[in-house]
S.K.: 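Mind looking over this structure? Questions follow.
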Number of protein chains: 2
Amino acid sequence: MKPADSITIGEAARATGVSAKMIRYYEETGLLGPAARTASGYRLYAPADLHALRFVRRGRDLGFSVEDIKALLALWQDRARASAKVKALALGHVDDLRRRIAALEDMARTLSDLAEHCCGDARPDCPILDDLAAGATTGDGPHHPAFGVGRTPSR
Amino acid sequence: MKPADSITIGEAARATGVSAKMIRYYEETGLLGPAARTASGYRLYAPADLHALRFVRRGRDLGFSVEDIKALLALWQDRARASAKVKALALGHVDDLRRRIAALEDMARTLSDLAEHCCGDARPDCPILDDLAAGATTGDGPHHPAFGVGRTPSR
DNA sequence: GTGGGGCTTCCCATGGTGGGAAGGTCAAGG
DNA sequence: CCTTGACCTTCCCACCATGGGAAGCCCCAC
């Protein structure tokens with residue numbers, strides 16, 4: 001029944017670090033082709049499938065969306081691919097990462113500045129709450145749209 | 001009918017930068033108390049409500065979860081609060097932000113290193129795909145957890 | 001032949017956000 | 001007075017990637 005080099009989904013999960021749940025999900029959404037099955041319906045994974053699963057896992061670890069990974073997988077399996085396409089995808093993703101990093105850094109900077117000025121004792125006075133409430137009264141002040149994130153504390 | 005200083009949800013949305021959808025959601029999930037209503041069921045917002053909405057908005061801009069904002073709102077409205085609690089919340093959030101930043105930076109660094117060595121022309125050779133495929137063969141190597149490093153709401 | 005662990009499918013939840021349908025309300029203008 | 005159009009209401013659906021769990025087979029070892 002079960003070919004010698006094929007393993008079940010649980011074993012594949014352990015071997016690749018991708019949960020069985022996610023393996024099924026990737027199949028369902030078309031990231032991976034339908035798995036081979038035993039007569040009784042169990043999914044079977046051959047070494048090449050594990051290879052693809054680890055590829056996907058690595059892509060996720062690098063923060064690629066499943067959609068991007070679908071494209072990368074296709075390029076990987078296309079022996080006539082142009083590396084330019086891969087590079088463009090990767091650099092686009094790096095841009096995305098950098099934008100998200102900048103947004104998070106803005107938040108972290110603003111917040112730790114505020115926290116630095118908060119004595120953090122039993123008294124109620126708190127520049128952090130003051131800032132939140134000030135955002136509350138200044139509303140969408142001078143630096144409004146710019147996807148919100150970079151507002152400087154107004155005082 | 002409609003008190004002079006109260007406005008409808010759409011006006012409140014425009015005034016605070018929080019969409020009507022989200023205002024309803026915040027009410028539904030208990031972040032905000034139930035809004036006043038006209039006889040015909042329209043929600044009404046008084047200036048104090050707008051104040052709270054802007055507070056929430058500013059908190060979201062700073063990357064706080066709705067749950068955290070619920071706590072911050074309660075502290076804001078508690079005149080006997082200890083600023084230590086606010087500070088602890090804020091610093092905890094800063095830690096979280098820094099962890100996410102570090103994870104994203106790892107990804108960005110790795111990827112741009114790889115991209116730098118990819119000539120990006122019509123040839124198929126590509127160190128980026130090689131790395132993905134190598135993560136594919138090394139598989140369960142270092143296996144850094146990289147917990148929630150997926151996409152964060154860029155908002 | 002029985003017990004336990006693995007597999008299957010199916011549904012549900014998360015967190016914030018948007019989209020949209022179906023229907024009620026309100027104000028302005030004919 | 002009636003229409004029109006902008007607004008409001010509730011309700012359901014979708015996203016993205018992931019986990020949880022139930023009900024029901026399957027397979028192997030004892």
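All chains are named by letter (A, B, ...) in the order of the sequence lines, taking the proteins before the strands, and each is independently numbered beginning at 1. None of these values were measured; they are calculated from a predicted model. As a basis for the values below, the full set of heavy atoms in this structure was taken, side chains included, without hydrogen atoms, waters or symmetry mates.
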S.K.: Check the distance between dT9(D)'s C1' and Ile23(B)'s CD1 and give it to me in whole angstrom.
M.R.: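 One finds 14 Å between C1' of dT9(D) and CD1 of Ile23(B), rounded.
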S.K.: So, using salt bridge (charged side-chain N to carboxylate O under 4.0 Å, His left out) as the criterion, who are the partners of Asp121(B) when residues are at least two apart?
M.R.: Arg123(B)
S.K.: Can you figure out which of dT8(C), dC8(D), dA17(D) approaches the side chain of Val66(A) most closely?
M.R.: dA17(D)
S.K.: Atom CD1 of Ile9(B) to atom P of dT25(C): distance rounded to whole Å?
M.R.: 17 Å
S.K.: Just how far, in rounded Å, is C1' of dG5(C) from CD of Glu11(A)?
M.R.: 12 Å
S.K.: Is the phosphate of dT9(C), meaning OP1 or OP2, less than 4.0 Å from a side-chain N or O of Arg43(A)?
M.R.: yes
S.K.: Determine: side-chain N/O of Thr8(A) to OP1/OP2 of dC7(C), distance under 4.0 Å, yes or no.
M.R.: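 For dC7(C), OP1 or OP2 has a side-chain N or O of Thr8(A) closer than 4.0 Å.
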S.K.: Specify the separation, in whole Å, of atom NZ of Lys70(B) and atom P of dG16(C).
M.R.: 11 Å
S.K.: Identify the pairs formed between an N or O of the protein and an N or O of nucleotides 20-22 of chain D at a distance under 3.5 Å, and give each distance.
M.R.:
residue : atom : partner  : partner atom : Å
dG20(D) : N7   : Lys21(A) : NZ           : 3.3
dG20(D) : O6   : Lys21(A) : NZ           : 2.6
dG21(D) : O6   : Lys21(A) : NZ           : 2.3

S.K.: Under 4.0 Å: is that the gap between some side-chain N or O of Arg24(A) and OP1 or OP2 of dC10(C)?
M.R.: no
S.K.: By salt bridge (charged side-chain N to carboxylate O under 4.0 Å, His left out), which residues pair with Asp106(B), not counting sequence neighbours?
M.R.: Arg109(B)
S.K.: Distance check needed: dG16(C) C1' versus Glu27(B) CD, whole Å only.
M.R.: 17 Å
S.K.: Going by side-chain contact (heavy atoms from CB on, under 4.5 Å), name the residues that satisfy it together with Lys70(B), two or more places apart in sequence or in a different chain.
M.R.: Leu31(B), Glu67(B)
S.K.: With sequence neighbours excluded, tell me which residues meet side-chain hydrogen bond (donor to acceptor under 3.5 Å, both in side chains) with Glu27(B).
M.R.: Arg43(B)
S.K.: What's the OH-C1' distance between Tyr45(B) and dT9(D), to the nearest Å?
M.R.: 12 Å
S.K.: Test of understanding: with salt bridge (charged side-chain N to carboxylate O under 4.0 Å, His left out), list the residues that count as partners of Arg24(A), not counting sequence neighbours.
M.R.: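 Partners of Arg24(A) by the salt bridge (charged side-chain N to carboxylate O under 4.0 Å, His left out) criterion come out as none, since no residue qualifies.
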S.K.: Using 30° and 60° as the class limits, which term best fits the ring planes of Trp76(B) and Phe55(B): parallel, tilted or perpendicular?
M.R.: parallel
S.K.: Sequence neighbours left out, what passes side-chain contact (heavy atoms from CB on, under 4.5 Å) with Ala36(A)? Give chain and number order.
M.R.: Leu44(A)
S.K.: Consider the side chain of Tyr25(A), meaning its heavy atoms from C-beta on, and name the nucleotide among dC7(D), dT17(C), dT18(D) that approaches it most closely.
M.R.: dT18(D)
S.K.: Let me test you: for the helix from dG1(C)-dC30(D) to dG30(C)-dC1(D), what is the angle between the axes at its two ends (five pairs each), rounded to 10 degrees?
M.R.: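 Computed from the C1' atoms at both ends, the axes differ by 30°.
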S.K.: Which residues satisfy the ring pair (Phe, Tyr, Trp, His ring centres under 6.0 Å) test with Tyr26(A), sequence neighbours excluded?
M.R.: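 With neighbours one apart ignored, the set is empty.
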S.K.: For a quick test of reading the model: is some side-chain N or O of Tyr26(B) closer than 4.0 Å to OP1 or OP2 of dT17(C)?
M.R.: yes
S.K.: If the threshold is 4.0 Å, N to carboxylate O, is there a salt bridge linking Arg100(B) and Asp96(B)?
M.R.: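 Yes.
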S.K.: Sequence neighbours left out, what passes side-chain hydrogen bond (donor to acceptor under 3.5 Å, both in side chains) with Ser40(B)? Give chain and number order.
M.R.: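 Checked Ser40(B) against side-chain hydrogen bond (donor to acceptor under 3.5 Å, both in side chains); matches are Thr38(B).
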S.K.: In whole angstrom, what separates Glu28(A)'s CD from dC16(D)'s P?
M.R.: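 It is 13 Å, rounded to the nearest whole Å.
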S.K.: Taking only residues two or more places apart in sequence, or in another chain, which ones meet Arg81(A) in a side-chain hydrogen bond (donor to acceptor under 3.5 Å, both in side chains)?
M.R.: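 Per chain and number, Arg81(A) pairs via side-chain hydrogen bond (donor to acceptor under 3.5 Å, both in side chains) with no residue.
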S.K.: Taking only the side-chain nitrogens and oxygens of Arg37(A), find out if one of them lies under 4.0 Å from OP1 or OP2 of dC7(C).
M.R.: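 For dC7(C), neither OP1 nor OP2 has a side-chain N or O of Arg37(A) closer than 4.0 Å.
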S.K.: Using whole Å, what does the distance between atom P of nucleotide dT18(D) and atom CG of Leu31(A) come to?
M.R.: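 Answer to the nearest Å: 10 Å.
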S.K.: Are any protein N/O atoms closer than 3.5 Å to N/O atoms in nucleotides 27-30 of chain D? If there are, list each pair with its distance.
M.R.:
residue : atom : partner  : partner atom : Å
dC27(D) : OP1  : Ser40(A) : OG           : 2.8

S.K.: Between Asp61(A) and Arg57(A), does at least one N-O distance fall below 4.0 Å, as a salt bridge requires?
M.R.: yes
